[in-house]
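Notes to accompany the following structure.
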Amino acid sequence: MESQPSRQSGRYTFEEAISRESPTALTKSNSDAAAAASSQSLSSILNNPHVAKSDWWWYSSSSSSLAPPEFAPLISKASSELTRSDFSTYFSSISDSYHRFEDIRNHSTKDLESSASDSQGHGGEALVACLREVPALYFKEDFALEDGATFRAACPFSTAAENLVLQEKLTQYLDVVELHLVKEISLRSNSFFEAQRQLQDLNVEIVEGCSRIRELKETIRLLDVDLVDSARQVQHLNATRTNLLALHHKFNLILYVKQSLSALKLLVASGDCAGALDITDDLQNLVDGDELTGLHCFRHLRDNVAASIESINSILSAEFMRAAIQDAGNSDVVILSQVKARASIPTNGKDDDQVNLDEEETTNFRDCLLPIIIGLLRTAQLPSVLRIYRDTLTADMKNAIKNAVAELLPVLLARSESEFSPGERTVDADGGGASLASKLRSLSSESFVQLLSAIFKIVRAHVVRAAEVKKAIEWIMKNLDGHYAAESVATAIALGAAAAETSEDHDDQGSSLLPFSSQRAARVSSFQGKANDATSPSNMSINFSTDVLRENTEAVVAACDAAHGRWAKLLGVRALLHPRLRLQEFLCIYNITQEFITATEKIGGRRGFSIRGTLNSQAKAFLDFQHDSRMAKIRAVLDQETWVEVDVPDEFQAIVISLCSSEALISENLDHVQNNVETNHGEVIAFNDGSLVEDTVQGKPTPLAEAANKNKASLAHSNDNKMKEHGKSTSQTLSYKGVGYHMVNCGLILLKMLSEYIDMGNFLPLRSSEVVHRVVEILKFFNTRTCQLVLGAGAMQVSGLKSITSKHLALASQVISFIYAIIPDIRRILFLKVPETQKELLLSEIDRVAQDFKVHRDEIHTKLVQIMRERLLVHVRGLPQIVEGWNRPEDADAQPSQFARSLTKEIGFLQRVLSRILHDVDVQEIFRQVVIIVHSQVSEAFSRLEISTPQAKDRLYRDVKHILGCVRSLPSDDLSRSSTPNWGQLDEFLEQRFGTKAG
């Protein structure tokens, strides 16, 4: 198998070299090899340890020719038959010798190149070649033949012949190293002597340069003595004079600073903050400049100025707090004393006292705050002082409310204890009678309203004062055009803006009251030209003013929020009691809270979401509790109802009248409230026009609303008089739009509950949608339960009724018809406060309830007709036995039969009952169906009879005429003939049996 050619050390193999080189190249290579071989000693060729003497072809005695033995098989072949593979044996035998030949030739070439490069200054290549020829083992630093491993690596042979060859090789290595060392030394010798020669030349030049320098120095010395000394002395004296003048200026500056510091201490001690700030500005400019640089005596000047500014800010802050807060606190004592003095006088929680300042007081107050605000603006401390003011105002508000509760609670508690009877006194669940919460819960609703009224006055006094402070600051910041202090304020804003900007750039100063720097001075100086131009302030001043105004607003808002929080806590303590109050008592608390929210929101400018949430949650709890109690009450009343007609007291008639006239009166009351009560965000507290109605459970009159105009007042007055005569002024029916309704007890109680729901919807407008839901729920329950008790005969089990009579049904129909009739007015009144987005859904619900009442009424009427049908069928079933007696000859009775008399008697009784209770329209509708039934059933029964005798025909004729006489008298619609009332099938039967004349 032919071996693949390979390259070693960047050279071709012998075979590749033979195949690649042309004859000319081969000839040249042979000549080069001969030259290289001539340069080598014969011992180098003969000392090859890898070739034995027997392998030398010229040494073999067996050779008969000069050709190598490998060519013997090839001699007999023609030249055209020879291939490259025929020479493979020869190539493999001489490849090692050829490689050594190539190495020798390449080494000779590199030696020539190394000699050329060394001649050009590139020495050292010979040593590299030496290191390449001699194995690296002999150049190791730790080379020692006594080391076993080193010895075995250096002397691997064991025989004497091999050792001789090794000695020859080591001798050859030594000769190579010595030869290359000598060559390197010879190459470097020329450079060494050349460097030595150049060093000697440089030394000569240095000596000559030093001599010339000495000559130049002597010449310059002579020129200085003759020309420069006098001029230099003049210059020195001039510099001395300048230094003395600067020193004199420094001494004057030191004197000025010392006097300024003394004056600053006096001004700060006397409270003249404006003058003190002027001095601090001058001193700060000196500190920020370069004039005091290097004066050790003023190393603490910056700290002294900072301390003075801190003192000034403390004085200004204290004066601002005194003017803004402490003066307002003096009114708390007056308010508390007035409330204590009037603690025994009943109140509705409203107070018309105003604490607003008049124009003169407002002007004086602004003039008082003006220098303080200007000083705080100059030091850029107004925003931080306003933040402190906000916290102080909030804490002062909380303390004022806390003190008011602590001082008024014993007085009001004593009054509440005198008002409560022992059975009515509230006992705290945890037994902690001495706790503040238990004392607040022990107050009566009227006393609690008085407490809230006093807190309202105190809070209003504080927030009004805070609002005046806010207005004064806004006036100073924005509305000083044409005022004498306009320029001072503009300059102060510029100074404060620059100081605020600088304080942001220097965070290491923290909250220090040292806001002045060189940057501030540059900004202020650039702003001075714009002080009088209010229309073109810089962005820095605008941002600073915005910060001041924001903190100013936040202070008032925080005070209002604190008041809201305390008020909400007071309401939260009594959260379990308020749902159990009567409507008017709860409304007193609700109204004063609503007025408090409205007043504080108007001053603060933001909605009090927390207190509104508390108030709405208590209103919802009140509504839920009242609804649950009314549901339980109406359930109990219905279960105890005997469905007996009762007289209608006049107060219930007044409720019905108020329903008819409520729309106009509510509109008037809305106008009245809008003119006299501040409203917020469209929430208007309107007064209902309901009258006083009696609470049958508590036995106490409950006012549905207060009078809002003369008509309302007169109606309430008349109702008060009627309440005093309760039980004496009554009527048989309840009149609504000219129609009288017979009522039972549960109907009157439901009417009163509906009027109370209307009052809740009017006084609690935010809960109007829930009120509508509650009204729908109670109406659904009343309708369903009434149906179960009357139509379903449930009253026989729960009320002890023996049967459900037509009178019971008629009274139930009247109650249902009355409720169905007033539902549109109730819906109209309730929907005055319902939001438009919820009206559609609520309208559908209440319309479904009205439809249920109508269906219930129709079912009652159908039940009455069904009762009459059943009675008629009972009589018809006994008719054949009666007819059997008609055919007997001894029957000579001229009266109608028992069948006719009983039937007409029951029809007449039903007519009397229904005509007395139901409306004519309903009676006619019912008896129209009864007439149809009588005509059809009686005529059909008579048609089935077998009449064979004349006396039987006479009896039949008398019965038909008797029944028709009863039918003619019934109040039914005439659907057949206008001349004959209630014409029907029985008339036709009469004509058929007895002729037209008889009919």
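No experiment lies behind these values; they were computed from the predicted model shown. Values below: all heavy atoms of this structure, side chains included; hydrogens, waters and symmetry mates excluded.
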| request: For Phe320, enumerate each residue passing the ring-ring contact (aromatic ring centres under 6.0 Å, His included) test, keeping only those at least two apart in sequence or located in another chain. | output: Tyr389
| remark: Contacts of Arg767 meeting side-chain hydrogen bond (donor to acceptor under 3.5 Å, both in side chains) (sequence neighbours excluded), chain-then-number -> Glu770
| field | Test side chain to side chain contact (heavy atoms under 4.5 Å, CB included) applied to Ala472 - qualifying residues, sequence neighbours left out | value | Phe365, Arg366, Leu369
| Qualifying residues under side-chain hydrogen bond (donor to acceptor under 3.5 Å, both in side chains), relative to Glu554, sequence neighbours excluded | Arg606
| Are Val556 and Val463 close enough that some pair of their side-chain heavy atoms sits under 4.5 Å apart? | no
| note | CD1 (Ile589) and NE2 (His578) are apart, to the nearest 0.5 Å, by 3.5 Å
| field | Separation between CG of Leu377 and CD1 of Ile372, rounded to the nearest 0.5 Å | value | 12.0 Å
| query | Taking all atoms of both residues into account, what is the closest heavy-atom pair of Ala323 and Arg465, and its distance? | reply | O-NH2, 2.9 Å
| Just how far is it from atom CD of Glu310 to atom OG of Ser317, taken to the nearest 0.5 Å? | 12.5 Å
| task | Evaluate the side-chain proximity of Leu764 to Leu587: yes if any heavy-atom separation is below 4.5 Å, no if none is. | result | yes
| query | Under 3.5 Å, is there a donor-acceptor pair linking the side chains of Ser438 and Ser435? | reply | yes
| remark: Sorted by chain and residue number, the side chain to side chain contact (heavy atoms under 4.5 Å, CB included) partners of Glu551 (sequence neighbours excluded) come out as Pro383, Leu386, Arg387, Arg390, Asp547
| note | Hits for side-chain hydrogen bond (donor to acceptor under 3.5 Å, both in side chains) against Gln259, two or more places apart or cross-chain, chain-then-number order -> none
| said: Would the distance check show the side chain of Ser453 and the main-chain N or O of Val449 forming a donor-acceptor pair, the cut-off being under 3.5 Å? | reply: no
| query | Hey, does Tyr590 have a side-chain heavy atom less than 4.5 Å from the side chain of Leu571? | reply | no
| said: Run the side-chain hydrogen bond (donor to acceptor under 3.5 Å, both in side chains) test against Asn252 and tell me which residues pass, sequence neighbours left out. | reply: His248
| Any side-chain heavy-atom pair of Leu247 and Phe251 under 4.5 Å | yes
| query | Do the charged groups of Arg612 and Glu601 touch, with an N to O distance under 4.0 Å? | reply | yes
| salt bridge (charged side-chain N to carboxylate O under 4.0 Å, His left out) involving Arg241 - partner list, sequence neighbours excluded | none
| Among Leu413, Val573, Leu577, side chain to side chain contact (heavy atoms under 4.5 Å, CB included) partner for Leu440 | Val573
| Is the gap between the ring centers of His564 and Phe596 under 6.0 Å? | yes
| query | Any donor-acceptor pair under 3.5 Å linking the side chain of Thr280 with the backbone of Leu277? | reply | yes
| Does the side chain of Asp229 come within less than 4.5 Å of Gln233's, by heavy atoms? | no
| task | Compare all side-chain heavy atoms of Leu452 with those of Trp567 and state whether any distance is below 4.5 angstrom. | result | yes
| Is there a side-chain contact between Val411 and Leu408 (heavy atoms, below 4.5 Å)? | no
| Got a sec: does the CG of Leu576 have more than 12 other heavy atoms crowding it under 6.0 Å? | no
| request: Report the C-alpha distance between Asp224 and Arg221 in whole Å, list the side-chain angles of each, state the deciding distance to 0.1 Å, and finish with yes or no for salt bridge (charged side-chain N to carboxylate O under 4.0 Å, His left out). | output: CA-CA 5 Å; Asp224 286 341; Arg221 186 184 65 77; over 6 Å; no
| query | Between Ser447 and Leu443, is there a donor-acceptor pair closer than 3.5 Å when you use the side chain of the first and the backbone of the second? | reply | no
| said: If you define the side chain from C-beta out and look only at heavy atoms, does anything of Lys620 sit under 4.5 Å from Leu766? | reply: no
| Contacts of Ala467 that satisfy side chain to side chain contact (heavy atoms under 4.5 Å, CB included) - sequence neighbours left out | Ile603
| said: Would you compute the distance between atom CG of Leu436 and atom CZ of Arg441 and round it to the nearest 0.5 angstrom? | reply: 9.5 Å
| message | Going by the rule side chain to side chain contact (heavy atoms under 4.5 Å, CB included), which residues pair with Leu261 if we only count those two or more places apart in sequence or in a different chain? | response | Val257, Leu283, Leu301
| Can you pull the ring pair (Phe, Tyr, Trp, His ring centres under 6.0 Å) pairs that have at least one residue in residues 255-292, sequence neighbours excluded? | none
| request: Enumerate the residue pairs fulfilling salt bridge (Lys or Arg N to Asp or Glu O under 4.0 Å) with a member in residues 561-577, sequence neighbours excluded, ordered by first and then second residue. | output: none
| When you look at Gln381 and Ser384, which way does the side-chain hydrogen bond (donor to acceptor under 3.5 Å, both in side chains) test go after all the steps? | CA-CA 5 Å; Gln381 291 301 305; Ser384 60; 3.0 Å; yes
